[in-house]
*Asks:* 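Pasting a structure below so you can have a look.
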Amino acid sequence: MVATTKAPTLASPTTGADGGWDADPLTEGELRIRLYSEWVLSGGARSAAEISHRLSSAPRPSQISFDSSKLEVWDSVLINFLTKVEAAAEHGIAVDPSGLPGGVQRLVALARAVPERQGARQTQQRPDLLTRVGSSSISFLAMSADLITFLGEALIGIGRILVGRARLRHSDLMIAIEDCGPNALPIVALISFLVGLILAFVGAIQLEQFGPAIFVANLVGIAMAREMGAMMTAILMSGRTGAPFAANLGTMQVSDEVSALQTLGIPPMEFLVLPRIVALSLMMPLLTVFANIVGMLGGLLIGTLMLDITPIAYYNQTIGAVGIDDWAVGLVKAVLFGAVVALVGCWRGMRCQRSAAAVGAAATSAVVLCIVLIILIVAIATVICTTLKI
């Protein structure tokens with residue numbers, strides 16, 4: 001008789017009173033897994049990593065069997081462990097479940113009988129750079145096309161207003177005008193005053209080195225009239241008014257109010273969007289004029305306190321420096337900014353998905369897109385004014 005040498009035992013790190021397993025490779029190519037003690041949820045999950053390593057290393061066994069004579073109590077922890085063992089033994093290795101308790105065999109067979117749903121497992125693979133760039137480009141083009149379509153619908157609605165055929169309530173228009181105009185004066189006044197004060201302070205420090213400190217009035221007046229007044233007001237209104245437009249219309253989408261208007265034959269564009277666009281487009285020039293005046297008063301404060309310029313001298317210098325063309329450039333920008341803020345806010349709200357998170361995303365994206373478009377318009381207007389020497 002030839003003596004056989006038993007292969008070394010592969011032991012689980014989870015042993016003892018808390019329950020565990022060990023595996024004995026047999027000479028016939030069989031790997032026997034002995035289960036003992038308690039396999040319950042309170043004892044924690046059991047890892048099958050060592051089994052997977054043993055099955056993938058040479059010599060590979062041809063069969064797996066079980067010995068559960070010392071198994072005491074068990075629950076889903078054991079079923080989970082056996083499922084992982086079977087998954088690791090998929091490549092040509094037979095699994096003999098006869099050594100398991102009858103209840104365990106039935107549950108394992110039931111788990112094996114239900115196939116994994118296609119696509120249920122989430123993959124963590126990140127697309128490559130070219131795929132991400134392509135997807136972003138396609139999304140940007142689709143978004144741009146949708147915005148242009150929405151702009152066309154708004155222009156058609158404005159045309160219907162001019163010929164008196166639009167279906168909108170004057171009360172809604174007045175409420176929107178009140179919200180976009182008088183209610184926005186305090187925050188516009190505060191920011192414009194601070195902007196004018198900062199411009200005058202920076203200019204005063206530089207001009208004092210050369211003597212003609214009176215020209216700080218030119219700096220503040222022209223900057224506020226041409227650029228800062230309209231731009232800062234538009235940025236304020238994108239957060240104060242554009243985001244609420246998106247949130248309000250997005251909430252109406254979630255609660256199916258927009259669908260209800262369509263069912264009743266009322267165009268949402270004319271009933272919901274046009275009053276907001278018209279109101280903000282009308283109020284932005286007035287808010288810009290107010291912002292310009294308040295900003296110049298901030299410059300007057302610095303000129304009076306730091307540079308010892310009399311209010312009359314500062315006023316005369318401002319009147320002489322700021323011409324009608326400066327005011328016209330700022331007001332044209334203000335009208336464009338108001339239309340852009342209202343259009344983008346309403347567009348993001350009307351295209352909102354039907355969830356609470358989508359409403360917040362619509363408001364955030366409206367503010368970001370408004371600011372980007374405002375800066376883009378400022379850059380284009382600066383190039384045009386420089387080219388035409390306006």
Side-chain angles (χ1 to χ4, degrees), residues 133 136-137 139-152 154-155 180 184 187-188 191-192 194-203 206 218-243 245-246 277 280-296 298-299 321-348 363-390:
V133 172
S136 300
S137 301
S139 300
F140 176 77
L141 292 177
M143 183 182 68
S144 301
D146 188 47
L147 178 59
I148 293 174
T149 302
F150 191 82
L151 174 61
L155 292 177
C180 298
I187 184 64
V188 171
I191 299 302
S192 301
L194 293 177
V195 168
L197 189 144
I198 292 171
L199 286 174
F201 180 77
V202 174
Q206 299 300 319
N218 300 49
L219 172 65
V220 176
I222 295 176
M224 291 299 301
R226 294 182 68 95
E227 300 289 346
M228 299 303 296
M231 185 176 68
M232 293 305 301
T233 303
I235 291 176
L236 282 175
M237 297 305 289
S238 66
R240 185 198 173 277
T241 304
F245 282 177
I277 295 179
L280 192 54
S281 300
L282 292 177
M283 289 296 102
M284 271 296 296
L286 301 179
L287 290 174
T288 300
V289 172
F290 176 73
N292 293 341
I293 295 174
V294 174
M296 294 174 189
V322 182
I324 190 65
D325 55 337
D326 300 318
W327 286 93
V329 169
L331 293 179
V332 170
K333 291 179 181 179
V335 175
L336 291 176
F337 292 158
V340 166
V341 170
L343 181 72
V344 171
C346 294
W347 171 60
R348 296 306 300 166
T364 302
S365 61
V367 175
V368 173
L369 186 56
C370 284
I371 294 176
V372 171
L373 293 178
I374 288 169
I375 300 301
L376 184 61
I377 292 174
V378 169
I380 295 174
T382 301
V383 172
I384 293 176
C385 292
T386 303
T387 304
L388 300 179
K389 298 180 180 180
I390 299 177

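For this chain, numbers begin at 1 and follow the sequence in order. A quick note: this is a predicted structure, and the numbers were derived from the prediction, not measured.
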*Asks:* Compare all side-chain heavy atoms of M231 with those of K333 and state whether any distance is below 4.5 angstrom.
*Replies:*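 In short, these two side chains do not touch, never coming nearer than 4.5 Å.
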*Asks:* Roughly how far, to the nearest 0.5 Å, is the SG atom of C385 from the CD atom of E227?
*Replies:*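 One gets 7.5 Å once the value is rounded to the nearest 0.5 Å.
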*Asks:* As an exercise, state the distance from OG of S192 to CG of L236, rounded to the nearest 0.5 Å.
*Replies:*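 Reported value, rounded in 0.5 Å steps: 7.0 Å.
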*Asks:* Drop me the distance from I375's CD1 to I380's CD1, to the nearest 0.5 angstrom.
*Replies:*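 Reported to 0.5 Å precision, the distance equals 12.0 Å.
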*Asks:* Any donor-acceptor pair under 3.5 Å linking the side chain of N292 with the backbone of T288?
*Replies:*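 Flag set: sc N292 to bb T288 pair under 3.5 Å.
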*Asks:* Around atom CZ of F201, are there more than 12 heavy atoms from other residues, nucleotides or ligands closer than 6.0 Å?
*Replies:*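 Not buried by this count: 12 neighbours or fewer within 6.0 Å.
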*Asks:* List the atom of L331, the atom of P285, and the distance in Å for their closest heavy-atom pair.
*Replies:*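 Heavy atoms of L331 and P285 come nearest at CD2-O, 3.7 Å.
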*Asks:* Work out which heavy atom in C180 is nearest to a heavy atom in T241; give both atom names and the distance.
*Replies:*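 Reported closest heavy-atom pair: SG-CG2, 3.8 Å.
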*Asks:* Just so I know, are the side chains of V289 and W327 near enough to count as touching, which here means a heavy-atom distance under 4.5 Å?
*Replies:*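 Contact flag for V289/W327 side chains = yes.
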*Asks:* Which pair of non-hydrogen atoms, one from A184 and one from I187, has the smallest distance, and what is that distance?
*Replies:*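 Smallest heavy-atom distance, with atoms named: O-CG2, 3.3 Å.
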*Asks:* As an exercise, state the distance from OG of S144 to CG of L151, rounded to the nearest 0.5 Å.
*Replies:*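 So the OG of S144 and the CG of L151 are separated by 12.0 Å.
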*Asks:* Answer yes or no: is there a side-chain heavy-atom contact under 4.5 Å between M237 and C370?
*Replies:*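 With C-beta onward as the side chain, the pair stays apart.
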*Asks:* Check whether any side-chain heavy atom of F337 sits under 4.5 Å from a side-chain heavy atom of I235, and report yes or no.
*Replies:*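 SC-SC contact between F337 and I235 ruled out.
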*Asks:* How about L199 and M224: do any of their side-chain heavy atoms sit closer than 4.5 Å?
*Replies:*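 Result yes, sub-4.5 Å side-chain heavy-atom pair found.
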*Asks:* Measure across C346 and F245 and return the closest heavy-atom pair with its distance rounded to 0.1 Å.
*Replies:*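 Nearest pair, atom of C346 first, then F245: SG-CD1, 4.2 Å.
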*Asks:* Rounded to the nearest 0.5 Å, how far apart are CG of L373 and CG of L147?
*Replies:*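 Here the interatomic distance stands at 7.5 Å.
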*Asks:* Under a 4.5 Å cut-off applied to non-hydrogen side-chain atoms, are R348 and F150 in contact?
*Replies:*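 No; the side chains remain at least 4.5 Å from each other.
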*Asks:* In Å and rounded to the nearest 0.5 Å, what is the OG1 to CG distance from T364 to L369?
*Replies:*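 Those atoms lie 12.5 Å apart.
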*Asks:* How close do T233 and A291 get, counting heavy atoms only, and between which atoms?
*Replies:*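 T233 and A291 have their closest heavy atoms at OG1-CB, 3.5 Å.
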*Asks:* Minimum heavy-atom separation for M296 and G221, please, with both atom names.
*Replies:*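 Result for this residue pair: CE-O, 3.6 Å.
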*Asks:* Could you tell me if the side chain of I374 sits less than 4.5 Å from the side chain of V341, heavy atoms only?
*Replies:*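 Yes, at least one pair of side-chain atoms sits under 4.5 Å.
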